[in-house]
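Data first, discussion second: the structure below is written as C-alpha cells.
Throughout, protein chains are lettered first and strands after them, A, B, ... in sequence-line order, and every chain is numbered starting at 1. Please read all numbers here as calculations on a predicted model, not as lab measurements.
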Amino acid sequence: MSGKYVASEIEGKWQKRWADAQVAFVDTAVPGNEFYMLNMYPYPSGSRLHVGHGRNYILGDALYRRERMSGRKAFNPMGWDAFGLPAENAAIQSGVHPREYTMGNIARMKEQLFALGCLYDWSKELASCDPAYYRWNQWLFLRMWERSLAYRKTAPVNWCPGCRTVLANEQVVDGRCERSGDAVEIRDLTQWFFRVTDYADRLLEGLDHLPHWSERVKTMQRNWIGRSEGAEIFFRVDGLIEPITVFTTRPDTLYGATFLALAPEHPAVALLATRSGRGREIEEFVERVRRESRLEREAEGGEKEGLDTGALALNPATGRAMPVWLANFVLPEYGTGAIMGVPAHDQRDFEFARKYGLSIEPVYRTEVAEIDPAAMTEARPHDGYLYRSGSWDGTPNGPEAVRVAIRWLEEKGFGKGKMGYRLRDWLISRQRYWGTPIPAIHCPVCGVVPVPDADLPVRLPEDVDFRGVEGNPLERSEAFVNTRCPKCGGAARRETDTMDTFVDSSWYYFRFLNPRDAERMVDTARVKRWLPVDQYIGGIEHAILHLLYARFICRVLRDMDLVHLEEPFERLFNQGMITRLNPATGKTEKMSKSRGNTVSPDELIARFGADTVRLATLFIGPPEKESEWSEEGVAGAFRFLNRVHELCLRLQELPAGPDAPADTPLRRLTHRTIARVTQDASEFHFHTAVAALMEYQRGIGEALDSGSEAPAALREAARTLVKLLHPIAPHLTEEWWQRFGETGFLVEAVWPVADPALATSPDVTLVVQVNGKVRGRLSVARGASESEAMALARADERIAAWMDGRELTRTVFVPDRLLNLVVR
RNA sequence: GCCGGAGUGGCGGAAUUGGUAGACGCACGGGACUUAAAAUCCCGAGGGCCCAAAGGCCCGUGCCGGUUCGACUCCGGCCUCCGGCACCA
C-alpha cells in the first residue's frame with residue numbers, strides 16, 4: 001500500500017470485512033450491562049440518503065461503536081417503515097407495484113448505509129409491509145376492539161383531496177395536509193378510531209418522568225394534549241328533553257352568561273330546527289358553515305357568524321332566559337361543541353354579543369371600578385372580585401372562585417367539575433391500498449364483525465391495478481372484498497380501509513427482540529430485559545406524531561400485560577437538520593429532496609471517502625442544533641484525516657525502544673485527550689471530541705519532532721489516537737489498528753480509560769487579579785498554598801506595580817485557579 | 001395571547017457547581033517549499049488606543065440595572081429571533 005491516504009482502498013476493504021463479520025457483532029444480552037439504541041428508522045420513500053437526513057445514522061453509528069468499545073452489550077437494529085403514500089403514488093404514476101418500488105428503495109438505502117460504514121444488527125431487520133409484521137397490527141387492532149379502544153363512528157373528519165384519504169388531526173398542520181400541502185376539507189364519514197383520549201392524563205403525566213427528553217418535545221406534547229381544568233354545566237332548553245351541556249374553564253362567570261352558542265354540527269341542532277319556526281334558515285346556516293374548509297373556519301380574525309335559533313335556555317344561576325344561538329366559531333370536536341357566552345369577560349363572546357345585540361353583564365370588578373356595560377369597548381379581564389353573583393359575591397378572582405362555582409354546581413346538580421382536552425381520538429382509517437388491512441367484515445345480517453385470529457393475516461391482494469386509478473384500489477379487488485361472515489357464514493364484504501402507517505411504527509421497537517416470532521406479537525420476557533430503549537435518535541418532526549402514538553400504544557400493551565413499561569424511550573435525542581444555501585432561492589433552507597438543495601453522499605464519498613463525510617457531518621456543529629452544510633468543511637475534514645494518516649506512517653516506523661511508562665508530556669496529553677473525548681462523545685458532542693483529537697494529532701506530531709519522547713509513550717499515543725477517532729472515522733482507524741500490529745476488529749477493542757494522575761498536570765497556571773482584573777499569570781505547582789502564591793505574586797514586577805502605593809484590603813485565593821488581590 | 005428554546009469574532013462554534021472569554025475549524029493575511037502554481041507546512045488575527053520597538057492600557061458574550069473580590073454563567077426588567085399551541089370555550 002502506498003504512503004498516500006487513499007480512502008477508497010481502505011474503505012472498500014473494511015466494509016467487506018465488517019459485512020462478513022456481521023453475525024459476530026450480534027450479542028446475546030448480559031443483564032445489567034446492556035445498551036439498546038434505536039435510530040429513527042428511515043422511510044423508504046426518501047429514496048436518497050442525503051447528508052442532511054443521514055446525520056442521525058452517522059451519529060447513531062458513532063455512538064453505537066463507542067458503546068461497544070466501552071464493553072457494553074449493545075445492539076443497533078434497523079427497521080423499514082415500508083407502508084405509505086409515496087410508494088402508492090409512484091405506483092399510480094408508473095404502474096410499478098408499491099412493493100417493488102419500496103423494496104428497491106430499501107436496497108438502495110441499505111447500500112448507502114454500508115457505504116457510510118454504518119453497522120446495524122441486520123439479523124433483526126424488519127419491514128412493516130411484510131405480512132409477518134403487519135399481521136400483528138391486525139392482532140393488536142382486534143384486542144383493542146375487544147377493549148373498546150378501537151371503534152367506528154361517523155364524524156366530521158379531515159379529508160385530503162390530494163392524497164384522497166382521511167387524515168389524523170396530528171397530520172394536519174395549519175389546515176393543510178402535512179405531506180401534500182393540500183388544504184384539508186371536513187367530511188362526514190364513518191371511520192375507525194383509536195381511543196387515545198382515554199390515555200390523555202397518563203400521556204401527560206408520563207412526561208414528568210422523562211428527564212432525558214428535551215423540554216421542547218415535552219412542551220409540544222403538552223400543548224397537543226391541551227388539558228384544561230373546568231366544569232360542565234347543564235342548561236335546560238325549552239322544547240328539549242335533554243339539557244345542553246357546556247364546557248367552560250370559567251364556571252365562576254356563570255352569572256355573566258347571557259347566551260348559549262352551539263356548533264352547527266351539534267346533535268341538538270336538528271331538533272331545534274324542527275321545533276322552531278326557522279328550520280329553513282337554520283339548515284341554510286349549517287350548510288354554509290360546513291362548506292367552509294377548516295382552514296377558513298379557523299383563520300385568525302375570521303368574521304364571527306351566528307344565527308338565533310329562537311330557542312331559550314335557562315341560566316341556572318340567574319334564573320333568566322338565555323337565547324340559544326348557532327355560531328361558526330364553536331368547534332364541534334372540542335369540549336361539548338357548545339359554549340356559554342360571557343361577553344363581559346371574554347373577548348370573543350364580547351365581539352359576538354356586540355355584533356348581534358346580546359346583553360353584556362359584568363361579574364368581576366375591582367374596588368374602585370363601577371362598570372357600565374354600554375361603555376365597554378372590549379371584554380374586561382377577570383379583575384378584582386365577583387359581584388352580582390349571588391352567594392359567590394366577594395370571592396376574589398383565582399382558583400378559589402372556580403372551586404366555589406364548581407362546589408355550588410355539584411350541590412345543586414347543575415353541573416360538575418371536568419377536564420377538557422384538545423387531544424382527539426386517533427383516526428386510523430385510510431382509504432388507500434398500501435397499508436395494513438383493517439381486520440373487519442361487514443355482514444348484512446350480523447353487522448361489523450371482527451376477523452377471527454385464526455384467519456390472520458388479512459393479506460393485501462396482488463391482483464390490483466394502480467395506473468391512473470381514482471379511489472381505493474382495494475374496493476375493486478373482488479377477491480379481496482367478497483368474503484363470508486365469520487359468524488353466520490353468509491356473503492359479506494371485507495373492510496377496505498387500511499391503517500395509518502403510524503400504527504406500524506408505534507410498536508416496532510418491541511419487535512426487534514423477536515422479529516421472526518410467529519407465535520406472539522411481543523416477547524414479554526425479552527422486553528423486560530431490554531426495554532426501555534436506552535437511546536432513541538430522531539428528528540423533531542415526530543414530536544407529536546410518532547412519539548405520542550408510540551407512548552400511547554406502549555401503554556395499551558402494558559394494560560394488556562404484554563409489556564411491563566409505561567414509557568418506551570428512556571433518552572430521546574433530537575438531531576437538528578442540516579441546512580444549505582439553495583441556489584434557486586438564494587436562501588439557506590433545510591436540505592430536502594423537494595427543495596432540490598441536497599448533497600448526495602455518493603458523490604462526496606467518491607471524492608473524499610466515507611470517513612471524511614462522517615467527520616465533516618459530525619464536526620459541523622452541535623448535533624441538536626441545525627447546521628449549515630459547507631463544502632469547505634468537507635475539505636477541512638479531509639485534510640485532517642490526511643494528517644492523521646501521515647502521522648500514523650511516521651509512528652509506524654518507530655524503532656523499538658525500552659518500555660518507559662514514565663510521566664511524560666505526551667502521556668499527559670494522551671490521558672487528557674482520553675478524558676475529553678470520552679466525556680464529549682457520551683453527550684453526543686462529537687464536534688468538540690473532534691477538536692480535541694485535532695489538538696492531539698498536532699501534539700503527537702510535535703512530540704515526534706522533539707525527538708525526546710519515550711518510544712513507549714509514542715506507541716501508546718498511536719493506539720489511543722486510532723481508538724478515540726474510531727467512532728468518527730472507522731475505516732482509516734481499523735486500517736491503522738491492523739498496521740500497528742494489533743489483531744481483531746478495532747470496533748471490538750477496549751475503549752481507553754484515562755489515568756486521572758496523568759490527565760492532570762503537575763503545574764498549573766495561577767491567574768493573578770488585582771481588583772478582579774487579570775494582571776498576571778504564575779506557573780505554580782499544583783496544590784500550591786496561598787502564602788506560596790502570595791510570595792510569587794509580590795515578586796512579580798507587574799503585579800507589584802499595580803499594588804504600588806495602595807492598601808491590600810483582602811485576598812481571594814482559589815487553589816490552582818486564581819489569586820485576587822483587592823486593594824484600595 | 002399562552003408555553004418552550006436561543007442571542008458570544010467575518011462565519012460555524014468553544015468555555016457555565018461564578019474564576020485566563022473566543023478552544024477547534026472555515027474564510028482571510030503573511031511566510032517557507034517551488035522556475036512558477038497547486039498541494040502541504042509554519043506564523044498572525046475580537047474591537048479601539050499608546051509606542052520606534054519590546055510592551056502596555058481601555059472596551060467587549062442582545063440591551064438596562066443588581067448581587068459579588070470577580071458575571072457569557074446568578075437575580076430583576078426589557079429587546080430580538082426560532083419553535084409549539086391558539087376564535088380551545
Side-chain angles (χ1 to χ4, degrees), chain A residues 173-174 214-228 230-231 233 246-251 253 257 260-261 263 297-305 327-331 333-342 346-349 351-352 420-424 540 543-544 615-616 619-622 624-637 639-640 642-643 646 676 680 685 687-698 701 765-777 798 801 809-823:
Chain A
V173 178
D174 294 331
S214 65
E215 280 311 311
R216 189 167 164 218
V217 171
K218 287 190 279 190
T219 302
M220 283 166 78
Q221 292 215 358
R222 286 190 189 105
N223 284 344
W224 190 258
I225 294 167
R227 181 163 91 157
S228 51
I233 304 178
V246 148
F247 175 75
T248 176
T249 55
R250 302 299 307 224
T253 61
L260 291 190
R297 189 154 161 195
E298 291 185 359
E300 186 133 7
E303 184 64 15
K304 288 171 184 50
E305 300 286 347
N328 64 345
F329 64 83
V330 182
L331 304 175
E333 63 278 331
Y334 186 76
T336 59
I339 63 161
M340 64 178 201
V342 185
D346 181 283
Q347 187 58 25
R348 184 198 51 206
D349 295 348
E351 286 166 23
F352 192 74
Y421 298 90
R422 217 192 72 92
L423 182 72
R424 287 166 230 150
I540 192 72
I544 49 176
L615 178 70
F619 188 54
I620 188 169
E624 66 274 14
K625 284 178 63 179
E626 62 175 44
S627 310
E628 189 178 347
W629 183 254
S630 84
E631 299 296 317
E632 293 79 14
V634 182
R639 278 200 290 273
F640 170 63
N642 273 282
R643 286 199 295 271
E646 273 156 34
R676 281 175 73 185
D680 290 345
H685 286 172
H687 64 304
T688 50
V690 172
L693 288 167
M694 286 171 164
E695 291 177 51
Y696 189 40
Q697 174 266 131
R698 190 172 311 171
T765 302
L766 196 71
V767 173
V768 183
Q769 298 181 335
V770 178
N771 285 351
K773 287 189 189 280
V774 180
R775 299 302 179 188
R777 296 177 175 84
R798 243 187 98 210
T809 56
R810 184 179 169 187
T811 62
V812 179
F813 180 69
V814 182
D816 300 333
R817 281 236 133 106
L818 72 91
L819 175 69
N820 188 9
L821 307 169
V822 185
V823 297

Protein-nucleic acid N or O pairs under 3.5 Å, nucleotides 80-85 of chain B:
{"residue": "B:G84", "atom": "N2", "partner": "A:Asn223", "partner atom": "ND2", "Å": "3.3"}
{"residue": "B:G84", "atom": "N3", "partner": "A:Asn223", "partner atom": "ND2", "Å": "3.1"}
{"residue": "B:C85", "atom": "O3'", "partner": "A:Arg422", "partner atom": "NH1", "Å": "3.0"}

message: My understanding is that a pair needs two contacts under 3.5 Å, Watson-Crick or G-U wobble. By that rule, which nucleotide pairs with B:U80?
response: B:A6
message: Between P on B:G13 and CD on A:Glu628, what's the gap in Å once rounded to a whole number?
response: 9 Å
query: Syn or anti for B:G66, taking syn as within 90° of 0?
result: anti
- request: State which residues pass side chain to side chain contact (heavy atoms under 4.5 Å, CB included) with A:Ser630; sequence neighbours excluded, sorted by chain then number.
  value: A:Glu632
- prompt: Among all residues two or more places apart in sequence or in another chain, which pass the side chain to side chain contact (heavy atoms under 4.5 Å, CB included) test with A:Ala338?
  reply: A:Ile244, A:Val246, A:Leu262, A:His266, A:Thr336
query: Nearest heavy-atom pair of A:Glu628 and A:Ile620: which atoms, and what distance?
result: O-CD1, 2.9 Å
- request: Using side chain to side chain donor-acceptor pair (under 3.5 Å) as the criterion, list what pairs up with A:Arg250, not counting sequence neighbours.
  value: A:Asp252, A:Asn397
- prompt: Of all residues at least two apart in sequence or in a different chain, which pass the side chain to side chain contact (heavy atoms under 4.5 Å, CB included) check with A:Pro815?
  reply: A:Phe813
message: Reading RNA chain B from 5' onward, which residue's closest nucleotide shows up sooner: A:Val767 or A:Gly621?
response: A:Gly621
- request: Not counting sequence neighbours, which residues clear side chain to side chain donor-acceptor pair (under 3.5 Å) with A:Asn820? List them please.
  value: none
- prompt: Expressed as a whole number of Å, how far does the P atom of B:G19 sit from that of B:G29?
  reply: 37 Å
Enumerate the protein-to-nucleotides 58-62 of chain B contacts in which both atoms are nitrogen or oxygen and the separation is below 3.5 Å.
{"residue": "B:C58", "atom": "OP1", "partner": "A:Arg775", "partner atom": "NH2", "Å": "3.3"}
{"residue": "B:C58", "atom": "OP2", "partner": "A:Arg775", "partner atom": "NH1", "Å": "3.1"}
{"residue": "B:C59", "atom": "OP2", "partner": "A:Lys773", "partner atom": "NZ", "Å": "3.4"}

- prompt: Excluding sequence neighbours, so at least two apart, what forms side chain to side chain contact (heavy atoms under 4.5 Å, CB included) with A:Ser228?
  reply: A:Phe247, A:Thr249, A:Tyr334
task: Could you give the distance separating B:C81 and B:G70 at their P atoms, to the nearest angstrom?
output: 35 Å
message: Checking base pairs now: Watson-Crick or wobble, both atom distances under 3.5 Å. What partners B:G44?
response: B:C28
- request: Using the C1' atom as the reference point in each nucleotide, state the distance between B:G60 and B:C3 in Å, no decimals.
  value: 34 Å
statement: Atom CZ of A:Phe247 and atom C1' of B:C88 are separated, to the nearest Å, by 9 Å
query: Are OP1 or OP2 of B:G13 and a side-chain N or O of A:Lys625 less than 4.0 angstrom apart?
result: yes
statement: With B for base contact, S for sugar-phosphate-only contact and - for none (protein heavy atoms under 4.0 Å), nucleotides 65-73 of chain B reads ----B----
- prompt: Among all residues two or more places apart in sequence or in another chain, which pass the ring-ring contact (aromatic ring centres under 6.0 Å, His included) test with A:Phe352?
  reply: A:Phe259, A:Trp325, A:Phe329, A:Tyr356
message: Under a 3.5 Å cut-off for both contacts, is B:C51 paired Watson-Crick or G-U wobble with anything, and if yes, with which nucleotide?
response: none
- prompt: Expressed in whole Å, how much space separates the P atoms belonging to B:C69 and B:U80?
  reply: 35 Å
task: Tell me, please, which residues at least two apart from A:Glu305 pass side chain to side chain donor-acceptor pair (under 3.5 Å).
output: none
- request: Considering only atom P, compute the distance from B:G62 to B:U73 and round it to an integer number of Å.
  value: 8 Å
task: For nucleotides 23-31 of chain B, just jot down a letter per nucleotide in 5' to 3' order: B, S or -, based on protein non-hydrogen atoms under 4.0 Å.
output: BBSSS----
